Amino acid sequence: MRISEFTPTELSAAFGIDMSSLPAFGPGAGWGRVAPGERSDAHQHDEIEVFVIVRGRGDVVVDGERLPVAPGTVAVFEPFETHVIENTGVEDLVFFDLYWRDPARAARAATTGPADRRRFGDRPVFVFSTPPTPNGDLHLGHLSGPYLGADAFVRFQRMNGVNAWHLTGSDDYQSYVADRARRDNQTPAHTAARFSAEIAATLELMDIRPDQYTVTQADPAYADGLRAFFSRVVASGAATLQTSTALFDADTGDYLYEAAVSGGCPGCGEPTNGNICEECGEPNLCKDLIEPRAGRSGRPPRRGFITRYCLPLQDFREHIAAHHGLGRVPARLRELAHRVFARPALDLPLTHPSRWGVAPVEPGVDGQVIWVWPEMAYGFLHGIEVLGRRLGHRWRADAPQQDWKIVHFFGYDNSFYHSVLYPALYKLAHPGWEPDIDYNVNEFYLLENQKFSTSRRHAIWGKDVLDRDSVDAVRFFLARTRPEGRRTNFDPAAYDEELKTTLIDTWQRWLNDLGTRVEGWYDSQAPDAGTWTPEQTAFLGKLTTRLTAVTQSLGQDDFSLNRAARELHGIVQDVTQFAESEYLLGGLDLWQDRTRTAVALELAAARLLARCAAPVMPRFAERLAAALDMSGAADWPRAVELLSPGSKVALADVVFFSTADRKVTTDA
């Protein structure tokens, strides 16, 4: 017999609270104490864990869901559930802790779908693709990254019953808009409105239809909401007026930042514009650029002093580390944060002199505007409020809710802003809110091994490629080749080859051939399965494995369109190999029952393809489902299912893909 009593002197710091360990109890065991007003760090692990509350009151937060606890409450946490225990009372909250490993249970938790794991549950999930800068239209480099990623993610989540919405818009007040307007001899407002409309039209051609598309300069409530957000940041006392060195054009005296100045990155030494380095992702202050040059004259700038609102970002090291322990934060972003906070200091300007943007109401910065990157932190919350107003939800930008789940899709060059700056600003503007954010980041997509470039006209524009017939082929190829974790290259010849060899000669040929056989052997009706051979049973297992793999590739924890596209093609590769061996006996009377099973399994593979392809290739999936007389295809499959016997099958003559689809060529 073993007895343990709570002993405060045996406690030590762990997971942000006080814990003890009792190794003699067999499974992991110990006591925990949470002081009034305190909470544990958010964490997840592979063990099953049980809290038995013995004193005090508080809440447990599990994957964003908050539940009260009191003496006698027993809380069981499944493997990988993100959990927090918080003391909301006036005395110590004391609990007994048990934990143990169950490898089979952990494996099931790691491989089941999001609806089964309740990662989102009934929480509202707001999925943001970075608002594009309206200084030009969207090219395939843009489309392959945040926009296709967010669209496929939301489609998958909705198929799993999740309340998910895609939000984006046009980032009108970027300095790059003013620069383009100057070159075109237009006003910034005209330039932003023109390209914002072009961007929205290109997204539509890509079958990307955001639930909220915010045009910042056209929204009458946006500017005042932004000013109020910025005022809360200033009122926190962290952002203050500072006089420091800045760069100015030696000829005109113009203040230089972002595209108006370039030089060597002070972090990695690579060429960069002001404020952010596209290569290493680190911010710069312009004044610290190596051998800076003014953008318009190419001459070295002069140095002077200016007073701006600045934020001492180095004060937020621990807060950002805790935030990065809550949601999905790729190692690439955590490593970037480590480099940023390794600096002795980073006083980041939040306002800049400009005639284009939203001016703060605070005194001392006449002629300055709120920098557009801090502005975007508010813009996300504003988009949620506008969406909620349209849907009948009382979501407010000035009162973000703890049950909100936010998922960001962006390019690596935006990583610092999204994963470091914005959580710091939210801490200041909304100190009671602990935002639960997942980050999905892509690298640069190259064109013929060089960066897509609007200014150099080295690009393939979405409108030059996309139409109703080509969109699924483009989406599939971009999904298969988009830059996830490393830079990848778009090759027009490779796209044409993929269209012909993969989608036409493999996918479409198999589907048409299957339709011809069903038409000739079963009068265009799906047969019921007959006798099963071991090979057929094994093939069903292969399809089940593919379903698990594509489910994981589109899920919250390890989203990857590269893998999703690979697994979709894997379904077709598996079934064509299966069919090739099975139909050596096709048409022989002795083996009719086995042949019926083989055809039924092929149709099951086609049914699976129709449902699993929907997030990536929605038009193809819809046409395939119609050709299979399917109903209920809007839900994500939980298992491989045979097509209902007697279903009308009309695959023989359907053209899913065609070489008449537009060829892609480089804009020269």
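The model shown is predicted, which means the values in this text are computed figures rather than measured ones.
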Assess the side chains of Y439 and S415: does a donor N or O sit below 3.5 Å from an acceptor N or O? no
Can you check whether Y99 and F77 have ring centres sitting under 6.0 Å from each other? no
Check whether the ring centres of F153 and F409 lie less than 6.0 Å apart, and answer yes or no. yes
Plane angle bin for [Y] and [X] - parallel if under 30°, tilted between 30 and 60°, otherwise perpendicular:
{"X": "H408", "Y": "H418", "answer": "perpendicular"}
{"X": "F539", "Y": "F578", "answer": "parallel"}
{"X": "W395", "Y": "F126", "answer": "perpendicular"}
{"X": "H139", "Y": "F452", "answer": "parallel"}

Any Lys/Arg nitrogen of [X] or [Y] sitting under 4.0 Å from an Asp/Glu carboxylate oxygen of the other?
{"X": "R158", "Y": "D211", "answer": "yes"}
{"X": "R155", "Y": "D151", "answer": "yes"}
{"X": "K542", "Y": "D574", "answer": "no"}
{"X": "R475", "Y": "D207", "answer": "no"}
{"X": "D505", "Y": "K500", "answer": "yes"}
{"X": "R563", "Y": "E567", "answer": "no"}
{"X": "E443", "Y": "R486", "answer": "no"}
{"X": "R482", "Y": "E484", "answer": "yes"}
{"X": "R509", "Y": "D513", "answer": "no"}
{"X": "D557", "Y": "R328", "answer": "no"}
{"X": "R611", "Y": "E641", "answer": "yes"}
{"X": "R123", "Y": "D436", "answer": "yes"}

Donor-acceptor under 3.5 Å ([X] side chain, [Y] main chain):
{"X": "T168", "Y": "S129", "result": "yes"}
{"X": "R332", "Y": "G485", "result": "no"}
{"X": "N160", "Y": "F156", "result": "yes"}

Go through V50 and W100 one step at a time and tell me if the side-chain contact (heavy atoms from CB on, under 4.5 Å) criterion holds. CA-CA 9 Å; V50 178; W100 66 95; 3.8 Å; yes
For a side-chain contact (heavy atoms from CB on, under 4.5 Å) with V474, tell me which candidate from V465, D467, L499 qualifies.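 Result: among V465, D467, L499, V465 is the only option passing the side-chain contact (heavy atoms from CB on, under 4.5 Å) with V474.
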State, to 0.1 Å, how close [X] and [Y] come at their nearest heavy-atom pair, and which atoms those are.
{"X": "V471", "Y": "L205", "answer": "CG2-O, 3.4 Å"}
{"X": "A529", "Y": "L642", "answer": "CB-CD1, 4.0 Å"}
{"X": "P131", "Y": "Y147", "answer": "C-OH, 4.1 Å"}

Run the side-chain hydrogen bond (donor to acceptor under 3.5 Å, both in side chains) check on D219 and H382 step by step: do they pass? CA-CA 10 Å; D219 188 318; H382 181 86; 2.8 Å; yes
Test log, rule side-chain hydrogen bond (donor to acceptor under 3.5 Å, both in side chains), inputs W507 and T502: CA-CA 6 Å; W507 290 33; T502 299; 6.0 Å; no
Got a sec: does the CG of D122 have more than 12 other heavy atoms crowding it under 6.0 Å?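 Result for CG/D122: open.
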